[in-house]
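Single-structure report; data block below.
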Amino acid sequence: MAQQGSHGPVVLGVDSSTQSTKVLAVDAGTGAVLARGQAPHTVSAGAGRETDPEVWWRALLTALGQLGEYAGLAQAVAVGGQQHGLVVLDAEGAALRPALLWNDVRSAPQAAALVERHGAQWWAERFGSVPGASFTVAKWAWLREHEPETAAAAAAVRLPHDFLTERLSGAAVTDRGDASGTGWWASRTEAYDEALLAEAGLDPALLPAVLGAGEQAGTVRDGLPLRAGAVVGAGTGDNAAAALGLGLTPGRAVLSLGTSGTVYAVSRRRPADASGTVAGFASADGGWLPLACTLNCTLAVDKVAALLGRDREDVEPGGSVAFLPFLDGERTPNLPYASGLLTGLRHDTTAGQVLQGAYDGAVYALLDALDQVLAVDADASGSGSGSEEPLLLIGGGARGAAWLQTVRRLSGRAVQVPEAQELVALGAAVQAASLLTSEDPTAIAHRWATARGPVHPPLPRDEATLTRLAAALPLAGS
Ligand SMILES: Nc1ncnc2c1ncn2[C@@H]1O[C@H](COP(=O)(O)OP(=O)(O)O)[C@@H](O)[C@H]1O
Ligand SMILES: O=C(CO)[C@@H](O)[C@H](O)COP(=O)(O)O
């Protein structure tokens with residue numbers, strides 16, 4: 001719905017994440033959001049997590065349809081999308097099967113085999129990350145093993161955001177940010193690793209070209225509800241897009257609460273964590289994005305609230321439970337076969353305390369990884385880890401009081417909640433604006449004041465809860 005007139009050129013930012021597509025029409029001069037659209041996705045339940053890429057495309061068209069005149073006015077557009085995943089297409093660009101998503105843990109055995117073959121250190125030094133079940137390389141191995149006919153028929157292999165960028169522009173391209181989540185783009189050389197691809201049985205000709213920061217994918221093709229010829233950016237992964245949208249600088253960490261929980265910062269130094277906790281992604285502005293990700297965040301807590309018959313804000317303090325809500329298996333820590341674990345129940349435990357326990361367990365591993373994420377750049381600069389900077393809290397969960405209080409209580413840090421709600425879409429809009437004006441994306445984000453929002457002061461860290469969770473963790477994978 002349109003909100004006000006524009007003063008600068010209009011740009012569009014798209015966030016095609018796990019649960020929905022969101023689109024913002026933004027005034028490139030001021031950063032004012034002129035209109036927004038949103039349409040839901042469907043994700044399969046049961047053993048795997050899949051979405052038909054046509055669902056993303058239809059959701060994008062629906063969301064664009066909600067922008068009124070701004071869809072046709074926009075001079076540039078870029079797409080931020082859920083990371084990893086595997087999209088296999090035929091020669092006409094139609095999906096051969098539903099996309100395998102980042103939170104589908106069926107590819108855990110293939111990931112383990114890849115790590116076993118080369119060793120975690122080899123992966124970290126060469127690719128910046130030790131691949132888990134989320135990484136595209138593991139999903140491709142799963143597909144070859146379980147559906148060899150589909151793998152053999154693939155004429156193109158894409159990531160979710162590439163699929164949409166190609167539908168908009170006709171260009172078979174990706175960007176280094178999202179490419180770094182495949183497991184076949186070597187962060188050491190900033191190129192596809194031909195030897196690894198040969199080993200994986202994947203023809204490099206099936207992959208999109210990797211664009212550098214500031215490169216344009218192409219222009220909007222004819223026949224879409226957008227201005228034909230408008231600039232299309234390279235796009236990027238959703239976390240890299242949010243970093244761009246916040247104008248993130250080293251030493252500042254972000255905690256994102258969505259389907260996934262993520263904690264990340266930008267770094268001038270290339271990450272290479274052989275423990276596998278920190279993924280060594282590339283950022284969308286030419287730097288790096290050390291990041292830790294969990295599979296169980298807002299959806300897991302909402303599920304627990306539903307099971308308890310409580311509103312998601314109906315939490316109560318106290319009690320003695322430790323709850324690890326690993327309903328989908330878990331990625332951080334790497335326990336793909338785990339399920340939820342609840343310990344410490346007593347006669348006087350209340351439902352509100354159990355729900356609070358689910359929040360605590362969902363945030364625990366992310367906060368545990370925070371120092372490791374910040375240390376990547378601190379090592380490079382020789383400066384401190386930036387722990388004095390308030391933690392930026394974003395994603396759908398950042399709108400919830402219980403999430404905010406949980407993060408404050410378990411981190412012991414000041415927490416800033418940006419007023420802007422759609423940082424991924426805003427980041428994509430920043431990329432689009434930067435292509436139009438040739439201005440540095442960080443400068444645009446700072447001019448738009450995207451991180452502006454209240455800073456909540458630190459609370460004393462709840463060490464008792466952290467200790468209970470640490471004690472419960474070894475039981476979760478057994
Ligand atoms: N007001 C709110 N309070 C707490 N949580 C919320 C609120 N609004 C939305 N959410 C949570 O946000 C989640 C969606 O977040 P989002 O970042 O859009 O997800 P994704 O990017 O993975 O699609 C939902 O699962 C829901 O639990
Ligand atoms: O896999 C990762 C990060 O490595 C996830 O963060 C996905 O990118 C999905 O993001 P959301 O849909 O939860 O925003």
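Count residues from 1 along the sequence. In this text, all values refer to a predicted model and were calculated from it rather than measured experimentally. One-based numbering, in listed order, for ligands and for the atoms of each.
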Quick one: sort the F163 and W56 rings into parallel, tilted or perpendicular, breaks at 30° and 60°. perpendicular

Is E316 salt-bridged to R310, cutoff N-O under 4.0 Å? yes

Quick one about H161 and T236 (side-chain donor to acceptor, distance below 3.5 Å, no hydrogens or angles considered), yes or no? no

Between E330 (side chain only) and L295 (backbone N and O only), is there a donor and an acceptor less than 3.5 Å apart? yes

At a 4.0 angstrom heavy-atom cut-off, ligand 2 is contacted by S17, T18, Q82, Q83, H84, W102, D238, N239, T259, S260, T262, F281, L291, C293, R331

Looking only at the side chains, is there a donor atom on one of R331 and T294 sitting less than 3.5 Å from an acceptor on the other? no

What I want to find out is whether E166 reaches R158 closely enough, with some N-O distance under 4.0 Å, to be called a salt bridge. yes

Here's one to test your reading of the geometry: is the NZ or CZ of R408 within 45 degrees of the ring axis of W403 and under 6.0 Å from its centre? no

Counting only heavy atoms not in E116, do more than 12 fall under 6.0 Å of its CD? no

Take the angle between the ring planes of W123 and F127 and call it parallel below 30°, perpendicular above 60°, tilted in between. tilted

When you pair each N or O of ligand 1 with protein N or O atoms, which pairs come out under 3.5 Å?
{"residue": "ligand 1", "atom": "3 (N)", "partner": "G400", "partner atom": "N", "Å": "3.4"}
{"residue": "ligand 1", "atom": "10 (N)", "partner": "G396", "partner atom": "O", "Å": "3.4"}
{"residue": "ligand 1", "atom": "15 (O)", "partner": "G396", "partner atom": "N", "Å": "3.4"}
{"residue": "ligand 1", "atom": "17 (O)", "partner": "G396", "partner atom": "N", "Å": "3.0"}
{"residue": "ligand 1", "atom": "18 (O)", "partner": "K22", "partner atom": "NZ", "Å": "2.5"}
{"residue": "ligand 1", "atom": "21 (O)", "partner": "S17", "partner atom": "OG", "Å": "3.4"}
{"residue": "ligand 1", "atom": "22 (O)", "partner": "T259", "partner atom": "N", "Å": "3.0"}
{"residue": "ligand 1", "atom": "22 (O)", "partner": "T259", "partner atom": "OG1", "Å": "2.5"}
{"residue": "ligand 1", "atom": "23 (O)", "partner": "Q19", "partner atom": "N", "Å": "3.0"}
{"residue": "ligand 1", "atom": "25 (O)", "partner": "Q19", "partner atom": "NE2", "Å": "3.1"}
{"residue": "ligand 1", "atom": "25 (O)", "partner": "T298", "partner atom": "OG1", "Å": "2.9"}
{"residue": "ligand 1", "atom": "27 (O)", "partner": "D302", "partner atom": "OD2", "Å": "2.4"}
{"residue": "ligand 1", "atom": "27 (O)", "partner": "R312", "partner atom": "NH2", "Å": "3.3"}

